Amino acid sequence: MPRLYVSRKSHASSARVIACMLILAGLVMGAEAIALWRHESNATPPPIVQVLSPGEVQAPAPIAKPSRQQVESYRVAPTLPRYISIPKLGIEKVRVLALGVLSDGHIATPGSSYDTGWYDKSAKPGQPGAMFIDGHVAGWGTGGIFYSLHTLRPGDKITIIRGDSKAYVYAVVSQKTYPADNVDMNAVLSPINPGKPGLNLMTCTWDVVGGKSVFKNRTVVFASLES
């Protein structure tokens, strides 16, 4: 498996990241999951990331779409991301869940295709570095929250609302599709414009490996803080 370095300053530490699995429900429907395996080290920031094969983790079980009341009552700490909105995609105040590391060393992933996940070792809203948020392209018999992520173009707006209700607007700069086994996580976890806070969104694409129920590629949208 290839090793992809998040930080050239880190050494002797390792992590595993990125696995997506497609579940065929009627037509091609599925869900992705992302995993990072992180070992403790004296170096900071830690990880070297290694892409896993697509079938090593399970897709989330079917979960009902959260009600308006559930979304409105969702709370996080003041400086953490609470909601994401992408007007072009019809995404309005979707919950952003913090993805912590599980007991087995893997980072937790959104348990629903209706939520997004923020990697809690990436930047916070408006802070230097890049926020990293992932979302499912599909779920069991339904499109995921990032079903149309690939349609975003330079200049499209993405709003992150923090726990204290402060909003940060990011503008899309570029988009890139990576082979599933060759995702450049150093780029994915870095701001597209080094001098500005960044926001990078990732999901699977609809391209499927022939004869298998797995996605070929990952789409990443790179955005930069506008206000």
Side-chain angles (χ1 to χ4, degrees), residues 20 25 29-34 59-99 108-120 122-127 130-177 188 191-192 196-206 218-227:
C20 268
M29 284 294 175
E32 65 163 353
I34 292 180
I63 295 178
K65 185 176 182 179
S67 67
R68 181 181 295 273
Q69 182 179 4
Q70 288 174 315
V71 172
E72 292 293 339
S73 63
Y74 178 60
R75 297 288 186 270
V76 299
T79 61
L80 300 187
R82 182 183 179 192
Y83 300 122
I84 182 171
S85 296
I86 310 177
K88 181 176 181 178
L89 305 187
I91 295 174
E92 181 180 359
K93 290 183 69 174
V94 167
R95 296 181 297 190
V96 180
L97 311 180
L99 304 180
T109 59
S112 164
S113 59
Y114 301 105
D115 293 316
T116 64
W118 165 66
Y119 175 44
D120 64 5
S122 66
K124 296 177 182 178
Q127 293 190 353
M131 295 181 63
F132 173 67
I133 294 178
D134 75 287
H136 298 294
V137 71
W140 289 74
T142 183
I145 196 65
F146 282 168
Y147 180 88
S148 300
L149 190 70
H150 66 283
T151 66
L152 291 180
R153 296 294 180 264
D156 289 337
K157 302 299 189 292
I158 304 167
T159 300
I160 300 294
I161 300 175
R162 295 195 317 187
D164 61 2
S165 297
K166 185 172 182 179
Y168 292 84
V169 179
Y170 296 78
V172 173
V173 175
S174 63
Q175 179 186 135
K176 187 166 184 177
T177 298
V188 168
I192 189 67
K196 290 185 176 182
L199 169 63
N200 301 333
L201 311 180
M202 185 169 72
T203 195
C204 290
T205 67
W206 277 112
R218 310 292 179 262
T219 292
V220 181
V221 169
F222 298 90
S224 191
L225 185 65
E226 186 173 78
S227 63

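Quick caveat, the model's predicted, so the values are computed rather than measured.
Closest of all the heavy-atom pairs between P110 and G117 is CG-N, 3.6 Å. Closest non-hydrogen pair, P87 versus K157, comes out as CD-O, 3.5 Å. Between Y170 and I160, the closest heavy-atom pair is CE1-CG1, 3.9 Å. Residues L149 and Q175 come closest through the heavy atom pair O-NE2, 4.1 Å. The heavy-atom pair separating A171 from E226 by the smallest distance is CB-OE2, 3.8 Å. Contact record, P197 with G126: CG-O, 3.4 Å, taken as the closest heavy-atom pair.
Evaluation of the side-chain hydrogen bond (donor to acceptor under 3.5 Å, both in side chains) test over residues 79-89, restricted to residues two or more places apart or in two chains, returns K88-D156.
Every side-chain contact (heavy atoms from CB on, under 4.5 Å) that S67 has, sequence neighbours left out, goes to Q69, Q70. Under the side-chain contact (heavy atoms from CB on, under 4.5 Å) criterion, I86 pairs with I84, L89, I91, F146, L152, I158, L201, sequence neighbours left out. Judged as a side-chain contact (heavy atoms from CB on, under 4.5 Å), and not counting sequence neighbours, the contacts of V173 are I192, N193, S224. When the side-chain hydrogen bond (donor to acceptor under 3.5 Å, both in side chains) test is applied to S122, the partners found at least two apart in sequence or on another chain are W118. Here Q127 pairs with K124 under the side-chain contact (heavy atoms from CB on, under 4.5 Å) rule; sequence neighbours left out. Remark: K65 engages no residue in a salt bridge (Lys or Arg N to Asp or Glu O under 4.0 Å) (not counting sequence neighbours). The side-chain hydrogen bond (donor to acceptor under 3.5 Å, both in side chains) check on E72 picks up K93, with sequence neighbours excluded. For N200, there are no side-chain hydrogen bond (donor to acceptor under 3.5 Å, both in side chains) partners at least two apart in sequence or on another chain. For K176, the side-chain hydrogen bond (donor to acceptor under 3.5 Å, both in side chains) test picks out no residue, with sequence neighbours left out.
Judged by distance alone, with hydrogens and angles left aside, the side-chain atoms of T203 form a donor-acceptor pair with the main-chain N or O of G135 at under 3.5 Å. No donor-acceptor distance shorter than 3.5 angstrom exists from the side chain of Y114 to the backbone of R95, with no hydrogens or angles considered.
Taking CG of D115 as the start and CD1 of I145 as the end, the distance is 8.0 Å to the nearest 0.5 Å.
Looking at M131 and P125, their side chains come closer than 4.5 Å, going by heavy atoms from C-beta outward.
Under a 4.0 Å N-O distance rule, the pair D164/K166 does not qualify as a salt bridge.
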Original post:
Do V96 and T116 pass the side chain to side chain contact (heavy atoms under 4.5 Å, CB included) test, and can you show the C-alpha distance, the side-chain angles, and the key distance before you say yes or no?
Top reply: CA-CA 5 Å; V96 180; T116 64; 3.4 Å; yes
